[in-house]
Visitor: 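Here it is: the structure, laid out below.
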Amino acid sequence: MRRLLNCVLKLNGPKILQTMCFDVSPFGVKRRILMLCTSTFQADGIISNGTHNKKALLSDSQLFEAKFDELVAELIERDLKDPGLVDALNRHREVLVYNVPGGKKNRGLSVIGSLRELLPPSQLTQDVVERALVVGWCIELLQAYFLVADDIMDASVTRRGQPCWFRKEGVGLDAINDSFFLESALYRLLRKYCRDQPYYVHLLEVFTETTFQTVLGQTLDLMTAPPGDVDLSRFSMEKYKTIVKYKTAYYSFYLPVAAAMYMAGITNEVEHSHAKEILLEMGEFFQIQDDFLDCFGDPAVTGKIGTDIQDNKCSWLVVKALEVMSPEQRAVLEACYGRKDDASVEKVKALYKSLQMQTLYHKYEEESYQRLQKLIARCAVTLPSTVFLNFANKIYKRNK
C-alpha cells in the first residue's frame, strides 16, 4: 500500500514539487522524497538538469545516488510478493546495500555523462535520464558481481574500506550465490525499464558479451597465477595486456559508453569500433594504475589492502621489473614472489624500489596519457571527443 502526499513549496526561484512516498509492505516502511523543478518540467517536458543551459536542481551524482534506493525497492519489495521469500529477499537487500553503492561509481555515472554529450538537450527528457541512471546502476551491479566473486578467488581481505563480503560473519562461500543474484538483478532491471525501447536488444547483447569477455580475462588471470605455483616465465607484457583488455577494459570503459551510444541511437559498427579502440587503451591505462596502487597506494585511501604480490599476480609491476632486473635480482623475486609472509612481500617491494619502479610508472603514466590524447584526436571523428576526455580526466593521476 502506498500513500502519496504532494505539496508545492515556494522558494526563491522556481517552484519545487516535493513528493513524499510511503511504502508499506511485509518488508518494512520507507519514506522517499522526490523533488522536481516544476517550472522547468511543466514548461518543456525536460527535467531541470536535463539541459545544459538551465541551472540543475540536482547533479548527476545526486540523481544517481537517489535512484539506488528506488531500484532496491523495485528488486526487493515490488516485484516478488510471495511471503515465503521474505527471508531471501531481506538477505538480498543486504547484499545490494553492502556491495553495490560503495565505490567511486565512475562506470555507472559515465552512462548519463556520455549520453549528455551524445544527445541534444531537447532530447534529454525525464524518461531518458531516468533510464540512463538505471542502466548506469546495472553496470554497477555487474561490477559488484565480478568483485564479490573475484574477492573469493583471490582470498582478498578488504574491499572499499570494509571486509570483503565473503569474510563478513555468517556469509562465507554463500557469497557465491549472492554474486549470482547481483548479476541476475541487473537483467530484471533492464527488462523492467528498457524492454519497450528500440535499443533493448543492443543493451542485452553488449552486457552479455561484456560478461563473457570479462570471464575470459579472469580465466587467463587465474591460469597465469595459480596459488603456490610461481613460474615467472608465464609473465610477459603481451600476456598482461591480454588479461587487462578482457578482464577490465571491456566492462569498465567500453560498456558504459557503448550503452550510452546505443541509447542515443548510435548503432554504426565503425563508430563503435573507434570508441572501442580509445576505451580499451584507456582501460589498460586504468589497470596499470590499479597495479601500481595495489603495491604503493595507501590502503586508507584506496579502500583495500593490496595482495597482488601474495597472490602471484601477473601485474604491470612484476612484468616491467622482469624486463629491467639483473639475474641476481630475478633470483630474489623468484624466492619471494607469490608468498604470503610479510617478510617476502617487503623484499619484493624493496626490490621494486631499487629498480625505481615508481619512477618508471610515473613516466609511463605521462606517456600513456599523451598517447591517449592523440588517439582520441584521431579516432573521435564523428563522436564528441568530450565523451572520452571526460573519462580520461577522471582517472588521470588518481590515487584510489
Visitor: Show your working on side chain to side chain contact (heavy atoms under 4.5 Å, CB included) between Arg191 and Tyr200 and close with a plain yes or no.
Guide: CA-CA 8 Å; Arg191 184 183 65 186; Tyr200 178 54; 3.5 Å; yes

Visitor: Identify whether the distance between the nearest side-chain nitrogen and carboxylate oxygen of Arg91 and Asp178 falls below 4.0 Å.
Guide: yes

Visitor: Among Arg371, Lys276, Lys245, exactly one meets side chain to side chain donor-acceptor pair (under 3.5 Å) together with Glu281. Which residue is that?
Guide: Arg371

Visitor: Can Glu74 and Lys67 be counted as an ion pair, charged N to O under 4.0 angstrom?
Guide: no

Visitor: So, for Tyr337 and Asp308, which heavy atoms are closest and what is the spacing to 0.1 Å?
Guide: OH-O, 3.6 Å

Visitor: More than 12 foreign heavy atoms under 6.0 Å from NZ of Lys353: is that the case here?
Guide: no

Visitor: Phe235 vs Tyr240, test: ring-ring contact (aromatic ring centres under 6.0 Å, His included). Steps then yes/no.
Guide: CA-CA 7 Å; Phe235 298 163; Tyr240 173 77; 9.7 Å; no

Visitor: Taking Tyr262 as the starting point, is it possible to reach Val201 by hopping between hydrophobic residues whose side chains are less than 4.5 Å apart?
Guide: no

Visitor: Please walk me through it: do Val319 and Lys239 pass side chain to side chain contact (heavy atoms under 4.5 Å, CB included)?
Guide: CA-CA 10 Å; Val319 170; Lys239 177 68 69 65; over 6 Å; no

Visitor: I need the full list of ring pair (Phe, Tyr, Trp, His ring centres under 6.0 Å) pairs touching residues 156-176, with sequence neighbours left out, sorted by first then second residue.
Guide: Tyr98-Trp165

Visitor: Please report the closest heavy-atom contact between Ser252 and Pro256, naming both atoms and the distance.
Guide: O-CG, 3.7 Å

Visitor: For residues Cys379 and Glu277, report the shortest heavy-atom separation together with the two atoms involved.
Guide: SG-OE1, 3.5 Å

Visitor: Check this for me, if you would: do Glu367 and Lys363 make a salt bridge, where the nitrogen-to-carboxylate-oxygen distance has to be below 4.0 angstrom?
Guide: yes

Visitor: If I compare all heavy atoms of Val244 with all of Gly283, which pair ends up nearest, and what's the gap?
Guide: CG1-O, 3.9 Å

Visitor: Roughly how far, to the nearest 0.5 Å, is the OG atom of Ser368 from the CG atom of Leu375?
Guide: 10.0 Å

Visitor: Hey, which of Leu141, Thr211, Val148 is the one that makes side chain to side chain contact (heavy atoms under 4.5 Å, CB included) with Glu183?
Guide: Thr211

Visitor: Taking all heavy atoms of Leu189 and all of Cys138, pick out the closest pair and write down the distance.
Guide: CB-SG, 3.9 Å

Visitor: So which pairs with a foot in residues 106-152 pass ring pair (Phe, Tyr, Trp, His ring centres under 6.0 Å), sequence neighbours left out?
Guide: Phe64-Trp137, Phe68-Trp137, Phe146-Tyr251

Visitor: Answer yes when Lys241 and Glu284 have at least one side-chain N-carboxylate O distance shorter than 4.0 Å, and no when they do not.
Guide: yes

Visitor: Who are the side-chain hydrogen bond (donor to acceptor under 3.5 Å, both in side chains) partners of Asp342, not counting sequence neighbours?
Guide: none

Visitor: Kindly determine whether Val134 and Cys194 satisfy side chain to side chain contact (heavy atoms under 4.5 Å, CB included), including the steps that lead there.
Guide: CA-CA 9 Å; Val134 172; Cys194 301; 5.5 Å; no

Visitor: What verdict does the salt bridge (charged side-chain N to carboxylate O under 4.0 Å, His left out) test give for Arg116 and Asp60, after you've listed the backbone C-alpha separation in whole Å, the side-chain angles of each residue and the deciding distance to 0.1 Å?
Guide: CA-CA 10 Å; Arg116 290 196 187 283; Asp60 282 346; 2.7 Å; yes

Visitor: Step by step, work out the salt bridge (charged side-chain N to carboxylate O under 4.0 Å, His left out) result for Asp154 and Arg159.
Guide: CA-CA 12 Å; Asp154 288 347; Arg159 171 72 66 180; over 6 Å; no

Visitor: Evaluate side chain to side chain contact (heavy atoms under 4.5 Å, CB included) for Ile309 paired with Val318, printing each intermediate quantity in order.
Guide: CA-CA 9 Å; Ile309 294 172; Val318 71; over 6 Å; no

Visitor: Is the shortest side-chain N to carboxylate O distance from Glu94 to Lys168 below 4.0 Å?
Guide: yes

Visitor: Quick check: does any side chain N or O of Asn99 sit under 3.5 Å from a backbone N or O of Val95, one acting as donor and the other as acceptor?
Guide: yes

Visitor: Can Lys304 and Asp294 be counted as an ion pair, charged N to O under 4.0 angstrom?
Guide: no

Visitor: May I ask you to decide if the ring planes of Tyr361 and Trp316 are parallel, tilted or perpendicular, using 30° and 60° as cut-offs?
Guide: perpendicular

Visitor: Who passes side-chain hydrogen bond (donor to acceptor under 3.5 Å, both in side chains) against Glu334, sequence neighbours left out?
Guide: Arg330

Visitor: Would you check if Gln289 and Glu365 make a side-chain contact, meaning some heavy-atom pair closer than 4.5 Å?
Guide: yes

Visitor: Do the side chains of Lys105 and Glu140 get close enough for a salt bridge, i.e. N-O under 4.0 angstrom?
Guide: no

Visitor: Can we say Asp150 and Lys247 salt-bridge, meaning some charged N sits less than 4.0 Å from an Asp/Glu carboxylate O?
Guide: yes

Visitor: Between Ser326 and Gln329, is there a donor-acceptor pair closer than 3.5 Å when you use the side chain of the first and the backbone of the second?
Guide: yes

Visitor: Linking Ile, Leu, Val, Met, Phe, Trp and Tyr through side-chain heavy atoms less than 4.5 Å apart, which residues share a cluster with Leu222?
Guide: Met153

Visitor: Same cluster or not: Leu96 versus Leu147, using hydrophobic residues (I, L, V, M, F, W, Y) connected whenever any side-chain heavy atoms lie under 4.5 Å apart?
Guide: no

Visitor: Does the distance from a Lys or Arg side-chain N to an Asp or Glu carboxylate O, for Arg131 and Asp196, drop under 4.0 Å?
Guide: no

Visitor: For the residue pair Tyr250 and Tyr246, categorise the inter-ring angle as parallel (less than 30°), tilted (30 to 60°) or perpendicular (more than 60°).
Guide: tilted

Visitor: So which atom in Gln123 and which in Val128 form the shortest heavy-atom distance, rounded to 0.1 Å?
Guide: O-CG2, 3.6 Å

Visitor: Got a sec, which hydrophobics cluster with Ile305, joining ILVMFWY side chains under 4.5 Å apart, including via others?
Guide: Val157

Visitor: Going from CZ on Arg378 to CD1 on Ile278, what distance comes out if it is rounded to the nearest 0.5 angstrom?
Guide: 8.5 Å

Visitor: In terms of side-chain geometry, is the basic nitrogen of Asp151 or Arg167 positioned less than 4.0 Å from the acidic oxygen of its partner?
Guide: no

Visitor: Indicate, with yes or no, if the rings of His362 and Phe292 have centres closer together than 6.0 Å.
Guide: yes

